[in-house]
Amino acid sequence: MGFSKDFMWGAATASYQVEGAYNEDGKGLSIWDVATSMDGKVLHKEDGKVACDHYHRYKEDIKLFKELGIKYYRFSISWPRVMPNGTGEVNPKGIQFYSNLVDELLANDITPLVTLFHWDLPYELYLRGAYSNPDFPVWFEEYTKVVVDALSDRVKYWITFNEPQCFIGNGYWFGGHAPFLKIDNRTTLRMIHNYLLAHGKAVKCIREHAKTEPKIGIAPIAPVRIPKSDAPEDIEKAYNESFSLNDMFFSLAIYSDPIVLGKYPDDAYEIFGDDMVEPAPGDMELISQPIDFYGMNIYYSDADLVENGYMDNEYQGVPRTAMGWVIDPRVMYWSPKFVYKRYGLPMLITENGMAVSDVVSLDGKVHDPQRIDYVQRYLREFKRAADEGIPLLGYMYWSAMDNYEWAQGYDMRFGMIHVDYQTQKRTIKDSGYWYRDVISSNGENI
């Protein structure tokens, strides 16, 4: 059966990770612009002030995307570039950049996928309480309307939020991402509820104001547990654990069940007790606006810590990426299988990829056989899910080019295009040319 004839082959980036131009043409500050100066929070105290300079070099970059045969490009909008204070004034030069970007993509036969929020919250809204402020859904709706009015005549695919587990769970509860805070469960749960309301308002806004028929989705981190065996009882156990709240605010279900199923997971009330949010009348109806697809960011399988100090998907000598993430391609089979069973939506891999310590070799090329092997193995498992009839829309490799990897700075290279951050020279890696062949064969050569 394989991948469908209209399978969406592409690659992805995010605004703060590639654009640079952090204070040019009227852009406001984001929380990442400010938090990167905090001692001990970001490796080498590196920041995204220049990053890949995509803001000035997007035409050059899009030409490289076309050379790679990329058919779809998933990128995010910088909220403070469009609205410097988060609300109110719209920055015409900021919105013009994204309009020009869309035009350039279309001129090169590349379809844009717009992500409205990929972590770079306007700093001015952070000062007003960010996601804990009950006005956050209204702020996000206002911002969404500005972007939709400007781009929806040419943009069909929309993703409201990328990885709420990271910008809420990691940013505010665990403290590993900007703004590097550690807050209580009660406040975190209210942030999650406001994120869900913001998503619902954004979906309504897009449906009501888009100038072309939209396709709308979300993009959480969506790895699942891998069954210990093919025995029915092991599969059922892995399924149940995949949607449990064992991982607290990194868990999948608390961010997705309300959107797709119209209710919070049952165990949320047992685990969080009086801290749990009591939705107001109409909240769940707003949150569960119908969406068209479910985006999945998948790099590794979900797991629990076991007694020997390893997670239960680890063992001595387990293969890992440069990020330290366990390599287990089976997650690309079981995640679509379990997620489709629970949510019943067509699925798009919105991120999958591998960090490798890439270098430009003496021959001037970047040889990255580990990345080719990784992606091939993961795509084979994804194809296995397609063979079973699970509706898979496409695959967006993360990332199109090396970029700023948040708290890891620039040491981690995920791209199929190498970026020399000293000179901004781009070099297509071996994996990029390999991916071009995968796209041209619609995955038949994997």
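All residue numbers in this chain count up from 1 along the given sequence.
Salt-bridge formation is detected for the pair R342/D257: a Lys NZ or Arg NE/NH1/NH2 atom is positioned less than 4.0 Å from an Asp or Glu carboxylate oxygen. By the 4.0 Å N-to-carboxylate-O rule, K145 lies close enough to D149 to be salt-bridged with it. D402 and R413 are joined by a salt bridge, as a carboxylate oxygen and a charged side-chain nitrogen come within less than 4.0 angstrom of each other. One finds a salt bridge joining D328 and R330 here, because a Lys/Arg side-chain nitrogen approaches an Asp/Glu carboxylate oxygen to under 4.0 Å. A salt bridge links K27 with D33: at least one charged nitrogen is closer than 4.0 Å to a carboxylate oxygen. Between K204 and E141 there is no salt bridge, since none of the side-chain N atoms of the basic residue sits less than 4.0 Å from a carboxylate O of the acidic one. The pair E388-K341 fails the salt-bridge criterion, with no side-chain N (NZ, NE, NH1 or NH2) lying under 4.0 Å from an Asp/Glu carboxylate O. Comment: D292 does not engage K156 in a salt bridge, judged by the lack of any side-chain N to carboxylate O separation of less than 4.0 angstrom.
A search for salt bridge (charged side-chain N to carboxylate O under 4.0 Å, His left out) contacts involving K63 returns nothing, not counting sequence neighbours. Every residue meeting the side chain to side chain contact (heavy atoms under 4.5 Å, CB included) condition with K59, not counting sequence neighbours, appears here in chain and number order: E104. Residues passing the salt bridge (charged side-chain N to carboxylate O under 4.0 Å, His left out) test with K263 are D266, sequence neighbours excluded.
Using modelled atom types and a 3.5 Å distance limit, the side chains of S30 and Y126 yield no donor-acceptor pair.
Contact check for I159 versus F293: side-chain heavy atoms found under the 4.5 Å cut-off.
Within the model, atoms CD of Q376 and CH2 of W434 stand 5.0 Å from one another, a figure rounded to the nearest 0.5 Å. Considering CG of L121 and CZ of F140, their distance stands at 10.5 Å, rounded to 0.5 Å.
Between Y58 and F97, a ring centre-to-centre spacing shorter than 6.0 Å is recorded.
Across every non-hydrogen atom of T13 and Y73, the tightest pair is OG1-OH, 2.6 Å.
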